[in-house]
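A short worksheet on the structure shown next.
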Amino acid sequence: MGERVKIVECPRDAMQGIKTFIPTEAKTRYLQALLNCGFDTLDFGSFVSPRAIPQMADTAAVLSGLDLSRTRTQLLAIVANLRGAQEAAEHPEIRYLGYPFSISENFQMRNTHKTIAESMDLLKGILEVAGRRQKEVVVYISMGFGNPYGDPWSPEIVSEWAETLAGMGVGILSLSDTIGSSSPEVIRQLFGDLIPRHPQVEFGAHLHTHPTSWFEKVDAAFGAGCRRFDGAVQGFGGCPMARDELTGNMPTEKMLSYFTARKVDTGVQWMAFEAAFNKASELFQQYV
């Protein structure tokens, strides 16, 4: 296999909306199975207010229970304020700090209780924390493919924000679909425009999807040059504001099948993934 893509598995995204608290030991066992698979990155938890996301209140405890001695997978934690960034940066095991930056004023307020201007100031602080502690920052441009709140949106607006964020020194930008509204045409246009214009930036796709539309979305992003894809086993999770209950995260197993059929290297070992897939079924059937 010559060509390679990075697969970012997102159990944090899959678990965070579940109301029943999943015991720390159960989370740790599931994450350990995912660490055996060979994913590039594991979006494993978040350092945010436990009042906002109760399910992720034990992220530090989960981290302390993981055996990282036999995995090449890097860990990513989501942060939503400076305190969370500082706390996450204290852990040498974490390589990436992920920050959700919405180009929708309405969604930014709902998600982090900040205006876009306040979010920009916060991001500068997160970048400083990351720089001091040798971490990398992944910025998720949420509402990157459309806006249900009536805020201004266009591919040109997304491109302008990408340029601004790249100018601040952000090295990884993940275009994020929030309600499954992304179309193959817009996906193709955005990645086709941004990737050649910003060769110093790694662009990723964090797509939500209905079970019937995953293929054209992955195909459009890959065809336009994207080589970093977020997913969650069996499509668990996604945005709770999605209007269609079938709209969830991009199913990792679908992406793996897509890339395997095209002889594109994902680094994922199928036997280990099958074991993790089965653990996901057990975990989510028990707590959802």
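Worth saying up front: this structure is predicted, and the values here are computed from it rather than measured.
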*asked:* Using the rule given for side chain to side chain contact (heavy atoms under 4.5 Å, CB included), can you reason through S159 versus L194, listing the C-alpha separation, both sets of side-chain angles and the distance that settles it, and then say yes or no?
replied: CA-CA 7 Å; S159 295; L194 291 171; 3.8 Å; yes
_Verdict with supporting geometry, E90 and F47, side chain to side chain contact (heavy atoms under 4.5 Å, CB included)_ = CA-CA 11 Å; E90 289 294 319; F47 290 84; over 6 Å; no
*asked:* Go through it in stages, so that I can follow the logic: the residues are S104 and N106, the test is side-chain hydrogen bond (donor to acceptor under 3.5 Å, both in side chains), and I'd like the CA-CA distance, side-chain angles, deciding distance and then a yes or no.
replied: CA-CA 5 Å; S104 156; N106 276 300; 5.1 Å; no
*Would D265 and F259 count as a side chain to side chain contact (heavy atoms under 4.5 Å, CB included) if you check the C-alpha gap in whole Å, the side-chain angles of each, and the deciding distance to 0.1 Å?*
CA-CA 7 Å; D265 185 11; F259 291 122; over 6 Å; no
*asked:* The test is salt bridge (charged side-chain N to carboxylate O under 4.0 Å, His left out); show your working for R227 and E202 and say whether it passes.
replied: CA-CA 8 Å; R227 295 297 181 267; E202 180 180 355; over 6 Å; no
*asked:* Using the rule given for side chain to side chain contact (heavy atoms under 4.5 Å, CB included), can you reason through F44 versus L63, listing the C-alpha separation, both sets of side-chain angles and the distance that settles it, and then say yes or no?
replied: CA-CA 9 Å; F44 82 102; L63 178 60; 4.0 Å; yes
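Under the 4.5 Å side-chain heavy-atom criterion for Ile, Leu, Val, Met, Phe, Trp and Tyr, I78 and M120 are members of distinct hydrophobic clusters. Under the 4.5 Å side-chain heavy-atom criterion for ILVMFWY residues, no single connected hydrophobic cluster contains both V8 and L31. Taken together through direct or relayed side-chain contacts under 4.5 Å among Ile, Leu, Val, Met, Phe, Trp and Tyr, W161 and L122 form part of one hydrophobic cluster. Both W214 and V5 are members of a single hydrophobic cluster when ILVMFWY side chains are connected at heavy-atom separations under 4.5 Å. Side-chain heavy atoms closer than 4.5 Å link hydrophobic residues (I, L, V, M, F, W, Y) into clusters, and following such links, possibly through other members, connects L190 to F101.
The nearest pair of heavy atoms linking A221 to A205 is CB-CB, 4.5 Å. Listed here is the closest heavy atom pair of A166 and Q200: CB-NE2, 4.1 Å. Between A220 and R188, the shortest heavy-atom distance links the atoms CB-NH2, 3.7 Å. Between A89 and K135 the shortest heavy-atom distance is O-CE, 3.5 Å. Residue N249 comes nearest to A232 through the heavy atom pair CB-CB, 3.7 Å, listed as atom of the first residue, atom of the second, then distance. The two atoms that bring I18 and Q55 nearest to each other are O-NE2, 2.8 Å, heavy atoms only.
Between the side chains of Q234 and S281, at least one donor N or O sits under 3.5 Å from an acceptor N or O. Between the side chains of Q74 and T41, no donor N or O sits under 3.5 Å from an acceptor N or O. Side chain to side chain, S119 and Y99 meet the donor-acceptor criterion of an N or O pair below 3.5 Å.
Using modelled atom types, one side-chain atom of K27 and one backbone atom of I22 make a donor-acceptor pair closer than 3.5 Å. Here the side chain of Q269 pairs no donor or acceptor atom with the backbone of C37 at under 3.5 angstrom. Judged purely by atom type and a 3.5 angstrom limit, T59 uses its side chain to pair as donor or acceptor with the backbone of M56. Although no hydrogens or angles enter the test, the distance criterion places a donor-acceptor pair under 3.5 Å between the side chain of S176 and the main chain of S174. Between the side chain of N81 and the main chain of G84, a donor-acceptor pair closer than 3.5 Å is present. Here the side chain of T71 pairs a donor or acceptor atom with the backbone of L35 at under 3.5 angstrom.
Cation-pi check for R228 over F203 is not met; the charged atom does not lie both under 6.0 angstrom from the ring centroid and within 45 degrees of its normal. At least one test fails for K217 against the ring of F229: distance under 6.0 Å to the centre or angle within 45° of the axis. Geometrically, R262 engages Y258 in a cation-pi contact, judged by NZ or CZ lying under 6.0 Å from the ring centre and within 45° of the ring axis.
Atom CD of E274 is separated from atom NZ of K279 by 13.0 Å, given to the nearest 0.5 angstrom. To the nearest 0.5 Å, atom CG of residue N278 and atom CZ of residue F273 are 10.0 Å apart. Note that CD of Q86 and CG of L97 are 11.0 Å apart. Values are rounded to the nearest 0.5 Å. Expressed to the nearest 0.5 Å, how far CG of L42 lies from CD of E9 amounts to 7.0 Å. A distance of 11.0 Å separates CZ of F145 from CD of Q189, quoted to the nearest 0.5 Å. In this structure, I53 CD1 and Q16 CD are separated by 5.0 Å, a value rounded to the nearest 0.5 Å.
Using a 4.5 Å cut-off on side-chain heavy atoms (C-beta onward), P54 and R51 make no contact. When side chains are defined from C-beta on, Y30 counts as touching F284, because their heavy atoms get closer than 4.5 Å. T266 has its side chain out of reach of T260: every pair of non-hydrogen atoms, C-beta onward, lies at least 4.5 Å apart. Looking only at side-chain heavy atoms (C-beta outward), V137 and V139 come within less than 4.5 Å of each other. In this structure, the side chains of L123 and L165 come closer than 4.5 Å at one or more pairs of heavy atoms. Counting heavy atoms from C-beta outward, W153 and P155 have side chains that approach closer than 4.5 Å. With a 4.5 Å cut-off on side-chain heavy atoms, Q32 and L66 count as touching. When side chains are defined from C-beta on, D43 counts as touching Y140, because their heavy atoms get closer than 4.5 Å.
Not less than 6.0 angstrom separates the ring centroid of H208 from the ring centroid of H210. Aromatic pair F222/F191: centroids not less than 6.0 angstrom apart.
Screening D177, T209, D230 for a side chain to side chain contact (heavy atoms under 4.5 Å, CB included) involving M250 leaves a single residue, T209.
With salt bridges taken as basic N to acidic carboxylate O contacts below 4.0 Å, none links E3 and K263.
When the shell of 6.0 Å around CZ of R72 is examined, it contains more than 12 heavy atoms from other residues, nucleotides or ligands. Within 6.0 Å of CZ in R197 there are more than 12 heavy atoms belonging to other residues, nucleotides or ligands. By the 6.0 Å contact criterion, NZ on K254 is open, its count of non-hydrogen atoms from other residues, nucleotides or ligands being 12 or less.
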